Amino acid sequence: MTSQERLAVAVDPGPQRTRVAVSGEIDMDDAAEVRADLTAALDASPGGLDIDLAAVTFCDSSGLHVLLDLHQQALDIGKTLVLTALSRTVVRLLHITGAQDVLTVRKTAVSDTPHPDIRRPGVEEAQAGQVRSVDFRMRTRRYGPTVHLDPVGELDLDTRSALDGLQEDLDGVDVVACDMGRLTFLDVVGLHALLDLVRRLDERGIAFFAYSWQPQPRRLLDLVDGLYPQAGRGSPTRMLRSRLKGFAAAAREAGAARARQDAPQGSKRPAH
């Protein structure tokens with residue numbers, strides 16, 4: 001059989017997003033064709049691609065690299081690439097390589113291909129046909145020039161908008177510290193949203209620290225760094241790995257000092 005007989009890519013453009021269905025075998029011989037088709041579809045789509053891989057019967061590392069590269073290209077131009085359905089072959093490949101933590105997989109995508117290792121909290125309810133409520137919230141506390149962020153839940157394609165309004169009231173803020181201890185899940189879209197937040201803070205001269213990462217988000221950071229080892233110290237995740245011992249106590253003291261400095265003269269107690 002020829003490559004064209006084994007592989008098919010069907011593109012269905014929409015007003016905002018383009019649906020793509022891939023079927024057959026994706027290997028070293030077919031990867032260039034898939035890359036060309038997906039790249040053209042991504043360039044033509046205003047919002048990104050929804051890719052159905054349910055009919056993919058074989059996929060090797062060359063096909064996986066096409067998906068990873070296209071995913072990053074989409075993020076770089078403000079679009080998204082979402083896997084909407086997966087065959088058992090693709091599920092196994094994502095699990096073995098850890099790519100399920102990098103690529104964005106719709107929660108119902110694995111409904112007909114149960115694999116315990118690719119699931120995350122909430123997927124079982126989605127597979128049962130139930131609508132899972134978005135479980136993410138960002139708690140904020142301010143101590144003078146320092147703001148503490150406490151993300152709770154899952155930061156992904158569905159909840160990334162929760163970060164949009166975090167810069168509205170940061171006048172006089174010098175440092176933003178983010179405790180990741182209760183961030184239970186992070187996908188690439190959520191990571192991209194975090195990096196955008198950090199870049200916006202940096203443009204305003206506000207330092208950012210993140211600490212107490214949970215295992216799954218930390219694995220995602222490691223995977224991203226592994227995909228782009230040439231970045232070295234300029235890795236996109238480097239700014240999210242900073243740790244500062246005793247930061248909370250130091251931040252409270254800094255906040256108290258700033259509050260005393262900014263207090264009206266008449267409110268200060270006379271020195272004894």
Side-chain angles (χ1 to χ4, degrees), residues 2-91 93-94 97 99-113 118 120 123 126-127 131-132 134 154-161 163-164 186-193 195-196 220 224 227 236:
T2 66
S3 173
Q4 288 73 16
E5 291 173 332
R6 289 187 285 111
L7 176 71
V9 179
V11 179
D12 181 16
Q16 293 299 323
R17 301 184 61 79
T18 294
R19 294 192 296 270
V20 181
V22 183
S23 59
E25 300 180 6
I26 308 174
D27 55 21
M28 184 180 299
D29 296 329
D30 303 313
E33 178 183 345
V34 176
R35 184 185 296 274
D37 290 341
L38 293 181
T39 299
L42 178 64
D43 290 342
S45 176
L49 303 182
D50 294 327
I51 302 179
D52 184 335
L53 301 176
V56 171
T57 56
F58 176 82
C59 184
D60 65 9
S61 60
S62 57
L64 177 61
H65 277 289
V66 170
L67 294 175
L68 292 170
D69 291 346
L70 264 292
H71 201 296
Q72 186 60 46
Q73 290 177 33
L75 293 176
D76 289 343
I77 58 177
K79 301 179 183 181
T80 56
L81 185 148
V82 179
L83 305 184
T84 61
L86 306 176
S87 66
R88 292 182 181 274
T89 296
V90 176
V91 169
L93 177 64
L94 297 186
T97 61
Q100 75 268 18
D101 291 334
V102 176
L103 297 168
T104 300
V105 182
R106 185 163 292 169
K107 296 180 179 64
T108 56
V110 294
S111 59
D112 61 342
T113 56
I118 200 171
R120 62 184 173 92
V123 172
Q127 292 173 341
V131 177
R132 187 179 68 88
V134 174
E154 302 177 8
L155 181 57
D156 56 16
L157 177 67
D158 299 324
T159 59
R160 59 178 176 171
S161 60
L163 303 182
D164 292 344
L186 180 70
D187 70 3
V188 167
V189 176
L191 174 59
H192 190 68
L195 292 172
D196 279 346
L220 176 59
V224 170
L227 289 171

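Just so it is clear, the structure is predicted and the values come from calculations on it, not from any experiment. Below, all heavy atoms of this structure are taken into account, side chains as well, without hydrogens, waters or symmetry copies.
Nearest approach of P46 to G14, heavy atoms of both residues: CD-O, 4.5 Å. Closest approach of A85 to D52, counting heavy atoms only: CB-OD1, 3.3 Å. Counting all heavy atoms, side chain and backbone alike, G48 lies closest to L42 at CA-CD1, 4.2 Å. When all heavy atoms of C59 and T89 are compared, the pair lying nearest together is N-CG2, 3.8 Å.
Contact annotation: the side chain of L94 approaches that of L83 to within less than 4.5 Å [non-hydrogen atoms, C-beta and beyond]. With contacts defined as side-chain heavy-atom distances shorter than 4.5 Å, the pair L38/L81 does not qualify. Put simply, the side chain of T80 reaches to within 4.5 Å of the side chain of R160, judged on heavy atoms. In this structure, E33 and L7 have side chains that are in contact, with non-hydrogen atoms separated by less than 4.5 Å. Put simply, the side chain of I26 does not reach to within 4.5 Å of the side chain of V66, judged on heavy atoms.
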Worked check of side-chain contact (heavy atoms from CB on, under 4.5 Å) between L220 and V102: CA-CA 6 Å; L220 176 59; V102 176; 3.9 Å; yes
D37 and V20: CA distance, side-chain angles, deciding distance, side-chain contact (heavy atoms from CB on, under 4.5 Å) verdict: CA-CA 9 Å; D37 290 341; V20 181; over 6 Å; no
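For the pairing with D50, the salt bridge (Lys or Arg N to Asp or Glu O under 4.0 Å) check across R17, R19, K79 returns one residue only, R17.
Looking only at atom types and distance, the side chain of Q73 has no donor-acceptor partner in the side chain of D69 under 3.5 Å away.
D60 places a side-chain N or O within donor-acceptor distance of the main-chain N or O of M28, the cut-off being under 3.5 Å. Panel note: side chain S45, backbone A41; no donor-acceptor pair is recorded below 3.5 Å. Between the side chain of S87 and the backbone N or O of V56, at least one donor-acceptor pair lies under 3.5 Å. A donor-acceptor contact shorter than 3.5 Å links the side chain of T57 to the backbone of G24. T159 places a side-chain N or O within 3.5 Å of a backbone atom of E154 that can act as its donor or acceptor partner.
Rounded to the nearest 0.5 Å, atoms CG (L67) and CZ (R35) are 9.5 Å apart. Taking CG of L155 as the reference point, atom NE2 of H192 lies at 12.0 Å (rounded to 0.5 Å). In this structure, the separation between CG on L70 and NE2 on H65 is 13.0 Å, given to the nearest 0.5 Å. Atoms CG and CD, from L93 and Q100 in turn, are 10.0 Å apart once rounded to the nearest 0.5 Å.
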